Amino acid sequence: MSTNHTRADLTLRLGAAAGDGIQSAGEIMMKTLSRSGAYVTTYNGNQSLIRGGHVWFHIHAGEIPVYSLGYGIDYLIALTQLAYDEHYGEVNSGGVVIYDSSQVKAHDFPNGVKSIDAPLVKIALKYDKRPIMKNTVALGLLGGLLGLKFDVIANTIGEQFAKKPDVRESNVAAAREGYTFAEQHAPETMKRIKFNYAVKRSIMHADYAVALGAVNAGCRFYAAYPMSPASPIVHWMTANARELGIRVFLGEDEIGVVNATIGASFAGARAMCATSGGGFSLMQEAIGQAAMTETPLVVVDVMRAGPSTGLPTKTSQGDLNMVLGISHDDFPRAIIAPRSPEDAYYLAGRAFNLAERYQIPVIILLDFAIGDGGYATIDELDFNTPIDRGKLVREVTKDMTNGVWFKRYSLTEDGVSPRALPGTSGAMYVAKTDEHDEWGHDLSDVEAGLKTAIHMREKQHVKRMSKLKGVASEMRPPELYGPDRADLTLVSWGSSALPIREAIPVLKSSGFSVNSLEFFDIFPLSADAHSMLAGASRLLNVEQNITAQFAKYLRRETGIEIKENLLKYNGEPIYPAEVVDAVKNALKHEEMEQLA
Amino acid sequence: MRRWSNLLSLKLYESDVKPDWCPGCGDFGVLAALKNALATLQIPPERVQISSGIGCSSNLPGYIRTFGHHGLHGRPVPVATGIKMANPDMVVIVTAGDGDEYGIGFNHLVHAARRNHDIKVIVMNNEIYGLTTGQLSPTSEKGQRTKTSPDGSIIYPLNPLTTLLGAGATFVARGFSGDPKQLSSLIQEAIKHRGFALIDTLSPCVTWHDIYDKVRAKMYKLEGTAHDSSDLISAYRLALESDRIPLGLFYRTEDRPSFEELMSEDVTSTYPVDNARNLTAEQIASVMARFS
């Protein structure tokens with residue numbers, strides 16, 4: 001049990017068995033709150049199964065922007081005994097537990113927690129032979145407790161069942177009974193926030209955001225093989241294929257997927273594929289292929305807890321080492337890690353420009369917590385995404401050919417050679433995975449080991465790697481969150497920035513001076529990263545893997561060793577309270593050292 | 001019909017790179033037949049895309065002046081698939097070996113056939129891994145002596161024709177590099193075919209596994225026989241023949257549309273290569289409505 005530190009926010013958790021419709025109820029509540037002017041983030045505590053087990057849906061809503069799961073639980077709906085047993089201990093003082101005593105035996109009731117025993121099943125049975133609408137009744141009840149307008153809830157439910165008018169009406173009626181029950185049985189005081197029905201906020205998770213960002217940047221070829229938690233991307237792409245003109249390829253495996261994406265990009269499309277760690281492992285060889293043939297490639301890895309099959313529906317940031325060293329020998333690549341869905345939208349658009357400008361693979365690292373697992377409010381998006389296709393040759397001039405072949409791998413200052421697309425008259429060339437000369441001819445067979453080939457190998461290898469200079473000049477330094485100067489600077493990459501944002505104000509109110517450096521352009525590292533890290537009085541690294549992969553990478557690149565870490569690797573996202581504790585422990589420990 | 005020698009057009013496909021194949025290698029015949037087929041069909045070089053894997057035969061793209069993608073071992077089929085989906089105006093051909101297509105990349109081949117992608121796969125089948133100096137391949141015969149089967153292979157070979165017929169391939173043929181004229185006409189038929197085509201091409205490796213004599217002794221042409229290439233059962237029966245080697249078109253059906261046709265008709269007729277642009281205001285409004 002803890003106390004909710006921030007005033008103008010609420011944390012809601014809905015727990016049940018898979019198949020009870022808790023995700024659906026959670027999403028309806030999330031949308032309702034967004035349409036009532038609230039900022040929202042969610043987390044989907046689902047399991048790798050379709051029916052049974054235990055799943056939960058967490059919503060953090062606020063009058064002010066919210067970033068992660070917030071602190072504790074203000075409202076818990078426990079539809080099953082397991083949901084009660086698993087979560088009642090996290091309910092905040094002043095919070096409310098909603099359950100149905102015909103299903104759930106309440107026990108060890110926490111101090112200061114209120115309870116509502118509601119006949120959810122009995123009400124649900126009025127509308128169907130099976131109590132399948134108990135989630136809807138609970139949803140209506142929760143809406144009533146929060147003081148939401150019922151019309152907004154009813155409209156959102158209506159949309160959910162737009163294609164089934166009968167079900168729609170009975171669900172709305174069931175929700176209304178829950179709502180009315182709440183009005184009659186609400187405790188006298190409850191934590192609430194103000195709603196503003198004039199403001200409607202958009203909400204998406206990073207899987208959708210990365211898809212939208214890609215398509216708006218001109219991506220019209222998408223390939224995938226089903227894998228959690230990347231599958232929502234392919235679902236979105238297929239659902240929008242007709243309207244937006246996207247060709248979607250569901251390959252036979254991830255090797256086929258990435259090679260088809262490379263083929264489409266080679267042909268001149270803006271193309272993307274996505275997977276999670278296991279699928280990415282299969283794609284390794286082809287990532288090196290794209291770098292060697294200098295074919296632009298954008299690949300998304302929505303990280304989940306590994307190794308191997310690991311925890312398919314749980315979160316992790318454990319794939320950094322893999323992508324830093326993916327595929328054999330050295331080649332240029334860029335790695336970016338959006339912190340939030342909104343970031344994912346913008347960075348996806350940028351990824352295509354980087355990939356085409358430098359003709360390299362660009363890897364986007366998302367994770368379950370902000371991908372399939374978590375929605376967040378997004379501000380109004382800028383859709384004027386610049387599209388820079390780099391050195392793309394539409395018409396071949398004499399200096400580009402020898403009359404037979406196009407000089408595809410010409411040696412240039414910046415390492416980037418003019419590229420022509422299949423179909424361009426007089427621009428024939430062979431994209432080569434073998435080491436090659438400027439014309440794309442093999443250096444690997446009859447010329448291998450000859451002096452000219454040795455020199456050309458060096459030149460081509462250096463040419464490819466020299467692109468990293470250009471990429472590095474475009475990489476952005478970490479963003480500072482919090483005050484300019486602080487006693488302790490938290491370091492994070494990707495989505496780990498979010499719980500830190502919610503920890504900093506709480507730490508400040510307890511007298512701790514803390515700020516944070518949020519990295520999102522990961523490789524190559526921005527030149528400013530070193531001075532920003534070196535300027536901090538003390539560093540604490542926060543990430544979600546067991547070996548502090550990012551801290552070790554920073555040490556390799558900058559020589560700066562971060563000795564203190566908050567590492568979480570149990571599959572659950574980082575809670576702001578954990579950051580608060582880690583900082584307090586670190587700074588208290590320091591005080592004690594000074595006293596001694 | 002155009003004449004066999006069409007020198008003017010053939011010249012357009014000439015590379016300035018000399019093949020590194022052993023003298024007498026079957027792959028020379030395949031290269032000649034492919035050039036001839038393209039010239040005969042009058043397809044300009046810039047409209048042709050050849051995707052290959054790794055091995056002696058996969059060096060082919062550099063020896064013919066068209067667009068080429070000399071990719072990874074076993075992966076030329078998905079690369080070709082991506083190219084064809086992105087730009088259906090290209091004539092997309094795969095040239096690879098039995099290791100590429102019947103071994104490491106077999107999964108891709110079977111599924112490309114099933115989906116009926118409009119790509120033409122020419123497998124130079126020499127029943128051995130040549131460039132890696134002679135190991136057992138998926139099509140090596142039982143009893144064949146190689147570096148990895150010094151006492152003779154204990155494994156029965158894969159039959160690519162029955163397997164691909166079973167996978168739903170809409171065009172299945174067998175050619176022989178020793179007969180480039182027949183091979184050229186099979187390639188032409190494959191290019192004209194509506195959808196996926198496999199031409200299993202016996203292309204002997206004179207260094208590690210010379211099967212010229214075996215093929216010549218056992219071969220016969222299907223042209224002029226009573227075989228009806230629209231008859232799947234009859235095609236199966238022929239594909240199972242082992243005492244003789246039938247050459248020619250085993251099976252062809254155009255009853256099924258190609259993947260690309262279905263994509264254009266049922267999903268979107270716009271090509272990804274023509275469409276690297278921002279969404280329209282209308283599209284944005286429609287998409288964003290679902291996120292609020």
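Order of the sequence lines fixes the chain letters, A, B, ..., with proteins taken first and strands second; residue numbering starts at 1 for each chain. Source: prediction; values computed, not measured.
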K.L.:
Taking atom CG of B:Asn87 and atom CZ of A:Phe221, what is their separation to the nearest 0.5 Å?
P.N.:
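The CZ atom of A:Phe221 is 12.5 Å from CG of B:Asn87, to the nearest 0.5 Å.
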K.L.:
Report yes or no: does A:Arg35 contribute a side-chain atom to a donor-acceptor pair with the main-chain N or O of B:Ser292 at less than 3.5 Å?
P.N.:
yes
K.L.:
Side chain, backbone, both or neither: which part of A:Ile246 has an atom under 4.5 Å from a heavy atom of chain B?
P.N.:
backbone
K.L.:
Can you say whether A:Val248 sits under 4.5 Å from chain B via the side chain, the backbone, both, or neither, judging by heavy atoms?
P.N.:
backbone
K.L.:
Just by modelled atom types, is the A:Ala260 backbone N or O under 3.5 Å from a matching donor or acceptor in the B:Arg75 side chain?
P.N.:
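Here the side-chain-to-backbone pair does not exist.
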K.L.:
Does any heavy atom of chain B fall under 4.5 Å from the side chain of A:Lys432, the backbone, both, or neither of them?
P.N.:
both
K.L.:
Would you confirm whether A:Gln289, through its side chain, and B:Leu72, through its main-chain N or O, come within 3.5 Å as a donor-acceptor pair?
P.N.:
yes
K.L.:
Measure distances from A:Ala286 to the heavy atoms of chain B and classify the residue's part below 4.5 Å as side chain, backbone, both or neither.
P.N.:
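Its backbone and side chain both get close to chain B.
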K.L.:
Is there a donor-acceptor contact under 3.5 Å from the side chain of B:Asn278 to the main chain of A:Thr385?
P.N.:
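Indeed, once roles are kept as given, a pair shorter than 3.5 Å links the two residues.
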K.L.:
What pair of heavy atoms forms the shortest contact from A:Trp405 to B:Ile64, and how long is it?
P.N.:
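Looking at all heavy atoms of both residues, the shortest contact is CH2-O, 3.2 Å.
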K.L.:
A:Ile387 versus chain B, heavy atoms under 4.5 Å apart: side chain, backbone, both or neither?
P.N.:
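Interface part for A:Ile387: side chain.
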K.L.:
Below 4.5 Å, heavy atoms only, C-beta onward: do B:His70 and A:Asp442 meet side chain to side chain?
P.N.:
yes
K.L.:
Given 3.5 Å as the limit, does a donor-acceptor pair link the side chain of B:Glu46 with the main chain of A:Ala427, or not?
P.N.:
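Not a single qualifying donor-acceptor pair exists.
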K.L.:
Quick one: does A:Asn216's side chain have a donor or acceptor within less than 3.5 Å of a partner on B:Leu279's backbone?
P.N.:
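Answer holds: yes.
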K.L.:
Can you list the steps and then say if B:Ile50 with A:Val430 is a side chain to side chain contact (heavy atoms under 4.5 Å, CB included)?
P.N.:
CA-CA 9 Å; B:Ile50 302 177; A:Val430 181; over 6 Å; no
K.L.:
Mind listing the closest non-hydrogen atom pair of A:Gly245 and B:Asn275 along with its distance?
P.N.:
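For A:Gly245 versus B:Asn275, the nearest heavy atoms are O-ND2, 4.1 Å.
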K.L.:
Is there side-chain contact between A:Ile378 and B:Met288, with at least one heavy-atom pair below 4.5 Å?
P.N.:
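When only atoms from C-beta onward are counted, B:Met288 and A:Ile378 do touch, with a gap below 4.5 Å.
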K.L.:
Where does A:Thr261 contact chain B at under 4.5 Å (heavy atoms): side chain, backbone, both or neither?
P.N.:
neither
K.L.:
Return yes if some donor-acceptor pair links the side-chain N/O of A:Arg247 with the main-chain N/O of B:Met85 below 3.5 Å, else return no.
P.N.:
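Present.
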